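Please read the structure below before turning to the comments.
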Amino acid sequence: MAFNTFDYGFLLCISEDALRVETLNEYLSSRSYLVGYGRSQVDAEAFALLCRPLPERHVHALRWYKHIAALKPQTNGQTPESKAKRVQPPWSPPEGTDVSKLHLYNSLTRTKEVFVPQKGNKVLWYCCGPTVYDASHMGHARSYISFDILRRILKDYFKYDVFYCMNVTDIDDKIIKRARQNYLLEQYGEKKPSPSQILQDVLTARTPFKAKLAETTDPDKKQMLERLDAAVDAALGPLQMSVQSNAAGDTLQNQVLLEEAKDLLSDWLDSQFGSQVTENSIFSLLPKYWEGEYHKDMEALNVSKLILVNNSIYEVLTLCIVLYFLSARQLRLAFLMHSWKDTLDYSNNTMESAIQYERFINEFFLNVKDILRSPTDITGQFEKWEAEEIELNKSFYEKKTSVHEALCDNIDTRSALEEMRALVGQSNTYMAARRSAKLPPNRMLLQSIALYLTDMLKTFGAIEGSEPIGFPVGGNGQNADLESTVMPYLSVLSDFREDVRKIAREKKVTELLRLCDELRDDTLPELGVRLEDRDGLPTSVKLVDKETLLKEREERKKMEDEKKKKKEEAARKKQEQEMAKLAKMKVKPSEMFRSETDKYSNFDETGFPAHDAEGKELSKGLAKKLRKLYEAQEKLYNEYLQSTQNGS
């Protein structure tokens with residue numbers, strides 16, 4: 001009966017052993033036995049055809065061969081096949097693949113080494129901190145944010161138990177000198193010196209400063225000193241004129257010069273009177289001030305809490321970073337997009353790239369949240385996967401692997417962010433394709449991708465808060481409440497507006513359509529709400545930062561104005577061309593050459609030139625060329641006469 005299901009005779013027709021085994025392997029790829037669910041006589045007879053063990057690469061045939069070989073002694077005819085005891089086939093453990101290990105750059109060996117903590121999973125990290133005596137610049141910000149990123153990744157991604165300790169030097173020669181200079185400059189201002197005295201002192205202080213400028217060879221430092229010198233020079237002029245004219249002097253002029261010249265003036269004052277400043281309290285005021293600023297800046301930059309160790313009995317001297325044009329997240333993204341150990345280009349392009357990256361990722365989060373808010377029943381949340389979903393999910397796992405490998409490679413956040421960008425791009429392509437086909441995207445798959453990206457950005461310190469997907473809305477701490485509170489009302493408003501637009505289009509009430517557009521374009525952006533009308537699909541509602549929406553509106557208006565300007569310019573040029581053509585059409589053929597007396601001197605009765613300006617007869621080639629122009633003008637003039645007769 002078994003031979004009706006499987007005729008092993010076809011194996012006899014294959015003369016090559018290798019091909020016979022390959023065929024058997026393919027047949028056994030989806031079954032354990034040749035027939036039915038247990039060993040049979042067919043298995044025993046087919047086994048007999050194979051005279052030796054099978055190659056390792058034919059895993060299915062080899063599994064079957066070993067199993068039948070193990071059962072062979074029991075096939076003696078004494079026990080019916082239906083009563084034979086089932087025996088599990090031998091188990092071959094999977095070979096697996098190599099797991100990526102964290103490699104970090106070793107400055108001693110100048111190569112990347114496998115990272116191995118001294119004691120289990122515990123990592124003790126000491127970081128030499130700043131010696132701060134003035135406002136910090138972008139280099140300081142990069143140092144602390146970059147180390148914060150590395151610490152977060154070690155702790156939250158690789159799950160090391162990290163103890164991070166940073167030293168902050170709060171007393172040294174630079175700090176003492178700066179505190180002394182600040183004190184002397186403050187004392188100088190309190191004495192309210194006369195304009196002539198200020199002018200004299202600044203000019204005196206400028207002499208050693210000029211010598212210092214001449215000796216400076218570092219191009220960046222020299223450029224900084226030159227800018228300072230130019231600012232002082234510009235502030236000196238008005239006060240010099242006032243002093244020379246014996247005018248009373250403008251208090252504002254005094255203040256401007258003191259502000260611009262404070263660095264060189266304080267340096268000069270310190271050289272004259274610095275040795276007289278000995279009060280300890282003077283030197284403690286500076287670190288006390290920067291300590292408070294440091295904690296504010298660390299909180300604003302989302303830098304994790306530090307264990308701080310002082311170098312002296314003075315309090316911790318802290319960091320001051322002023323963020324003018326970038327948010328803390330954008331600044332962090334700018335650092336993430338570069339290798340932590342390489343020099344960073346602080347150009348506008350670098351910062352603009354960070355802004356665009358944030359916008360790109362945020363738009364994806366907003367789209368996913370909009371999809372997840374779409375109403376569906378419980379079964380609608382578990383859609384069947386088609387080829388598109390399988391492909392996107394495959395890419396999802398590949399990108400996660402690539403991100404992991406990048407982080408294992410000396411914590412390469414730049415490559416990790418590029419892989420995340422690529423994943424978002426593929427997800428956007430998938431959503432756009434589903435939207436074009438008027439089909440809903442797979443909610444669960446997109447949610448998984450968005451959750452992963454959010455989790456990674458939280459690990460990098462680019463997202464604060466507990467919201468599961470996306471960047472915070474409305475400030476830290478209120479995102480979840482804000483979105484869950486206002487979204488039901490915004491959805492009702494959006495649905496109502498869509499109904500109004502539908503009726504207005506049917507009834508052709510343009511005023512209502514204008515009001516609906518005004519609500520979308522002018523009113524709601526002021527409240528941080530973006531509506532996106534989609535053809536054939538419900539309107540998308542998104543909570544976006546108000547400043548972002550207003551900037552988008554400004555850019556959109558600018559583009560519309562430029563488009564309008566180009567259209568008007570094109571219309572103007574077209575009108576000019578038509579006017580020029582009309583003016584040309586009005587010229588009689590007999591008159592078109594007569595005005596060119598600098599070229600021609602004699603004409604026939606039709607107005608066609610016969611001689612050039614020197615009285616020589618025109619060449620045949622030139623006459624032929626002019627005849628074509630004459631005939632073309634004759635045609636234009638006839639068209640003009642025809643149009644006037646028709647009244648056009």
Side-chain angles (χ1 to χ4, degrees), residues 347-349 352-353 356 359 428-429 432-433 435-436 501-502 504-522 525 531-536 550-648:
S347 65
N348 290 334
N349 289 337
E352 183 61 27
S353 297
Q356 294 301 325
R359 185 177 300 174
N428 288 340
T429 301
R435 193 180 305 120
S436 299
R501 291 177 72 229
K502 181 179 179 181
R505 283 194 294 265
E506 292 174 352
K507 303 294 184 181
K508 298 182 179 180
V509 186
T510 56
E511 183 63 18
L512 276 179
L513 290 173
R514 186 189 66 79
L515 290 173
C516 289
D517 290 345
E518 187 177 299
L519 176 68
R520 177 196 62 201
D521 299 333
D522 299 329
L531 295 185
E532 295 178 358
D533 294 324
R534 302 178 296 186
D535 187 27
L550 295 183
K551 186 177 180 180
E552 288 178 357
R553 186 173 69 183
E554 183 180 344
E555 292 175 351
R556 188 165 56 248
K557 186 177 183 302
K558 184 178 179 181
M559 291 178 60
E560 291 174 354
D561 291 343
E562 290 178 354
K563 185 177 180 181
K564 181 180 178 182
K565 186 177 179 181
K566 288 181 180 179
K567 188 176 181 180
E568 291 174 349
E569 182 67 17
R572 185 185 64 78
K573 287 184 178 180
K574 183 178 180 181
Q575 185 179 15
E576 289 178 353
Q577 291 173 352
E578 290 177 349
M579 293 296 293
K581 181 179 179 181
L582 179 62
K584 185 178 180 180
M585 291 175 70
K586 292 181 179 180
V587 177
K588 295 181 179 179
S590 58
E591 301 294 332
M592 66 178 295
F593 293 117
R594 291 185 183 278
S595 61
E596 300 181 19
T597 55
D598 59 326
K599 296 181 180 180
Y600 315 110
S601 60
N602 191 23
F603 304 88
D604 62 15
E605 64 277 6
T606 63
F608 191 82
H611 298 82
D612 61 17
E614 297 177 356
K616 297 179 181 179
E617 188 176 351
L618 299 181
S619 65
K620 291 183 179 180
L622 179 59
K624 184 177 181 181
K625 180 179 179 181
L626 295 178
R627 178 60 65 184
K628 289 183 178 180
L629 295 174
Y630 185 92
E631 291 174 352
Q633 183 61 34
E634 190 174 34
K635 182 179 180 182
L636 284 175
Y637 184 69
N638 289 335
E639 290 178 1
Y640 168 71
L641 294 178
Q642 185 67 32
S643 65
T644 55
Q645 291 175 1
N646 295 335
S648 59

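Every heavy atom of this structure was used, including side-chain atoms; hydrogens, water molecules and symmetry mates were not. These numbers were taken from a predicted model, which means no experiment stands behind them.
No donor-acceptor pair closer than 3.5 Å links the side chain of E639 to the backbone N or O of M585. Not a single donor-acceptor pair under 3.5 Å links the side chain of Q633 to the backbone N or O of E591.
Salt bridge status for R572 with E576: present, with a side-chain N to carboxylate O gap under 4.0 Å. Salt-bridge check for E511 with R514: passed, with a basic side-chain N closer than 4.0 Å to an acidic carboxylate O. Here K635 does not pair with E631 in a salt bridge; the nearest charged N to carboxylate O distance is not below 4.0 Å. By the 4.0 Å N-to-carboxylate-O rule, K557 lies close enough to D561 to be salt-bridged with it.
Within the 4.5 Å cutoff, the side chain of R501 has heavy atoms near those of the D533 side chain.
Here Y640 pairs with nothing under the ring-ring contact (aromatic ring centres under 6.0 Å, His included) rule; sequence neighbours left out. For the side chain to side chain contact (heavy atoms under 4.5 Å, CB included) test, residues two or more places apart in sequence or in another chain that qualify with N428 are F360, F364, V424, M431.
Atom-to-atom distance recorded for L550:CG and D522:CG is 10.5 Å, nearest 0.5 angstrom. Remark: K507 NZ to L513 CG distance equals 13.5 Å, nearest 0.5 Å. Atom OH of Y630 sits about 8.5 Å away from atom CZ of F608, to the nearest 0.5 Å. Here CZ of R627 is found 12.0 Å from CG of L622. Values are rounded to the nearest 0.5 Å. To the nearest 0.5 Å, atom CD of residue E569 and atom CD of residue E562 are 13.5 Å apart.
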Quiz item: Is there a side-chain contact (heavy atoms from CB on, under 4.5 Å) between N638 and E634 once you walk through the steps?
Solution: CA-CA 6 Å; N638 289 335; E634 190 174 34; 4.1 Å; yes
Quiz item: Could you go step by step and tell me if R553 and D521 meet the side-chain contact (heavy atoms from CB on, under 4.5 Å) rule?
Solution: CA-CA 7 Å; R553 186 173 69 183; D521 299 333; 5.6 Å; no
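Screening residues 593-602 for salt bridge (charged side-chain N to carboxylate O under 4.0 Å, His left out), with sequence neighbours left out, gives E596-K599.
Crowding of Q575 atom CD: a count of heavy atoms from other residues, nucleotides or ligands under 6.0 Å not exceeding 12.
Nearest approach of Y637 to K586, heavy atoms of both residues: CE1-O, 3.5 Å. Minimum interatomic distance between L641 and T644 (heavy atoms only, all atoms of both residues): O-OG1, 2.7 Å. Heavy atoms only, all atoms of each residue included: L626 and Y600 are closest at CD2-OH, 3.4 Å.
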